[in-house]
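All remarks here apply to the structure that follows.
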Amino acid sequence: MSAGAIHSYSDARRLARRRLPWMVFDYIDGAAGEGVAEARNLAALRDIILEPRVLVNVSERDLSAKVFEHEGKVPFGISPMGMCNLSGPGADLMLARIAAKHQVPCGVSTVASTTLETMIEEADGHAWFQLYFSGDGSGTAKLVERAKAAGYKTLIMTLDVPEVGRRPRELRRGFKMPFKIGPRQFIDFALHPQWSISSLIAGAPDLANFQKPDFTFDRTESRARADWDFLKRLRDSWDGNLVAKGVTHVDDARRLRDEGVDAIQVSTHGGRQLDAAPPPILALQAIRKALGDDYPLFYDTGMRSGEDVVKAYMMGADFVFFGRAMQFAIAAGGRDGLDAFWKLISDEIGLTLAQMGRTTMPGPAARF
């Protein structure tokens, strides 16, 4: 599939839908419940208005954005996503390498299909490890120690999954992690031979971080025992940057800041957890107003374009992250598809800034 056919998020998604098995596409694309939370946030993003300005010299525009130790060449990075190699063989490594090239963070999921050690090496240090609390927390502590040993400087603690959200599209397709192949899945794969053959040659995607002895993971296992005492223990044991991901409530944001969390990532997990959740793009604005200009706030969920990136900065973000859009780009065209989508978003950001009469990304003075 030609990467030249990707002119928007919708193009990447449409091309990915043709190539991916139904089970895989619905896993990547799906949301909680009936998709109301996802739709509500997309509508909120759509309705944000950016004001054009005229007669400003915008011939030179700087898209750089520093985040922790990363001197980002672009103002966006990659959210941690589980089992990325489902979108195409080597997808994890493609994401790590493009993050290294642009010096931005690549989130590495607990349930990545490439080991956390390999990912930070391929990302040339531009990787953050994402952590789930699980069970009694003992397995979580082991992963923290592995991340330390591998050289990670930033840990993302995902907080909005006390239980895995109910995602009907996954359930209908029989999606499980790791795979369990039944008659329906066999037919699904047979009808998508390009994906199936390339995946067979490369080796079926698996939970790479759990191939070592004493490291196990059950995606459906309850994470409900995580509490503020757990956060305190994590803060005490981790001397690097600690990011709390999945926050939308102002009171939670205040307490997380006061408990020593270094940054908050406002997110609703791509609308995959609670179908009645508020639009995180509006929660971002409220949390920014409550915490002031200086506290680091990151954002993900629902971004589809360069304009969306600028909107998130206007609403209070210091840095933003793309998730499933990157997987669709890879599914549509491999590394060429990822490069094409990355350039598309970067170009759209530059064009949006020009229309607004700006030469740099919006900061505190420009926020709504």
Side-chain angles (χ1 to χ4, degrees), residues 65-73 76-85 91-134 137-161 206-212 214-217 223 226 230-247 256 259-265 267 269 296-298 300 318-323 326:
K66 181 176 172 61
V67 54
F68 292 149
E69 70 274 11
H70 310 273
E71 300 286 348
K73 297 179 182 179
F76 60 90
I78 302 163
S79 276
M81 295 173 283
M83 298 288 284
C84 283
N85 284 3
D92 276 331
L93 299 182
M94 295 179 202
L95 294 170
R97 290 164 184 164
I98 201 168
K101 178 180 178 180
H102 295 276
Q103 299 178 26
V104 297
C106 176
V108 178
S109 174
T110 289
V111 291
S113 37
T114 304
T115 64
L116 64 92
E117 291 85 0
T118 299
M119 287 295 286
I120 193 168
E121 182 178 349
E122 292 292 333
D124 195 23
H126 295 283
W128 297 357
F129 184 62
Q130 177 269 337
L131 188 69
Y132 283 122
F133 180 91
S134 188
S138 58
T140 304
K142 290 179 183 178
L143 284 170
V144 171
E145 292 307 311
R146 270 184 71 180
K148 283 182 185 177
Y152 284 85
K153 294 182 172 59
T154 298
L155 192 69
I156 309 168
M157 185 68 218
T158 296
L159 300 177
D160 61 343
V161 191
D206 209 342
L207 303 177
N209 289 321
F210 299 92
Q211 302 305 306
K212 292 185 176 183
D214 300 325
F215 285 91
T216 60
F217 183 82
R223 301 159 194 166
F230 159 72
L231 178 72
K232 185 179 187 304
R233 294 194 300 274
L234 180 62
R235 178 69 283 182
D236 289 344
S237 67
W238 181 259
D239 55 7
N241 304 311
L242 181 60
V243 179
K245 182 179 183 297
V247 181
L256 286 163
E259 294 286 345
V261 168
D262 297 293
I264 288 169
Q265 190 156 325
S267 168
H269 216 94
L297 290 183
F298 308 146
D300 68 70
D318 294 303
F319 203 76
V320 302
F321 296 86
F322 279 88
M326 299 294 179

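Treat the numbers as computed from the prediction; the structure is a model and nothing was measured.
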Students often mix this up, so state it plainly: with edges at 30° and 60°, are the rings of H126 and H70 parallel, tilted or perpendicular?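 It falls in the tilted class, 30° to 60°.
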
Taking the inter-plane angle between the rings of F68 and W128 on a 0 to 90° scale, is it parallel (under 30°), tilted (30 to 60°) or perpendicular (over 60°)?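 Tilted.
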
Considering only heavy atoms from C-beta outward, does the side chain of [X] approach that of [Y] to under 4.5 Å?
X    : Y    : answer
T140 : T110 : no
Q265 : S79  : yes
S267 : F321 : no

So with a 6.0 Å cut-off around [atom1] of [X], is the heavy-atom count from everything else above 12?
X    : atom1 : result
E117 : CD    : yes
K153 : NZ    : no
K66  : NZ    : yes

Show the nearest heavy-atom pair for residues [X] and [Y], with the distance to one decimal.
X    : Y    : answer
L116 : N209 : N-OD1, 2.8 Å
F298 : A263 : CE1-CB, 3.5 Å
G246 : D160 : O-CB, 3.5 Å
V104 : G72  : CG1-CA, 3.8 Å
A99  : P105 : CB-C, 4.4 Å
A91  : C84  : CB-O, 3.3 Å

Side-chain donor or acceptor of D262 paired with backbone N/O of L242 under 3.5 Å: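 Here the side-chain-to-backbone pair exists.
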
Would a distance-only check, ignoring hydrogens and angles, find a side-chain to backbone donor-acceptor pair under 3.5 Å from T154 to G240?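 Pair absent, no side-chain N/O of T154 close to backbone of G240.
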
Reference residue H269; test side chain to side chain contact (heavy atoms under 4.5 Å, CB included); the match among L159, T158, D300: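 Filter result, single survivor: T158.
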
Between L234 and L155, is the side chain to side chain contact (heavy atoms under 4.5 Å, CB included) condition met? List the steps. CA-CA 10 Å; L234 180 62; L155 192 69; 3.8 Å; yes

Which residues share a side chain to side chain contact (heavy atoms under 4.5 Å, CB included) with I120, sequence neighbours left out: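 Applying side chain to side chain contact (heavy atoms under 4.5 Å, CB included) to I120 gives A127, A150, Y152.
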
Evaluate M81 against L95 for side chain to side chain contact (heavy atoms under 4.5 Å, CB included), listing each step before the verdict. CA-CA 11 Å; M81 295 173 283; L95 294 170; 4.1 Å; yes

Suppose we call two aromatic rings close when their centres sit under 6.0 Å apart. Are F129 and W238 close by that rule?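 Centroid separation for F129 and W238: 6.0 Å or greater.
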
Distance in Å, [X] [atom1] paired with [Y] [atom2], rounded so as to fall on 0.5 Å steps:
X    : Y    : atom1 : atom2 : result
R235 : E259 : CZ    : CD    : 11.0 Å
S113 : M119 : OG    : CE    : 8.0 Å
D124 : C106 : CG    : SG    : 12.5 Å
L207 : T114 : CG    : OG1   : 11.5 Å

Quick one: do D92 and E122 satisfy side chain to side chain contact (heavy atoms under 4.5 Å, CB included)? Show the steps, please. CA-CA 9 Å; D92 276 331; E122 292 292 333; over 6 Å; no

May I have the step-by-step check of side chain to side chain contact (heavy atoms under 4.5 Å, CB included) for L143 and F210, ending in yes or no? CA-CA 10 Å; L143 284 170; F210 299 92; 4.1 Å; yes

Ion pair K148/E145, N-O distance below 4.0 Å: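 A salt bridge is present here (some side-chain N lies under 4.0 Å from a carboxylate O).
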
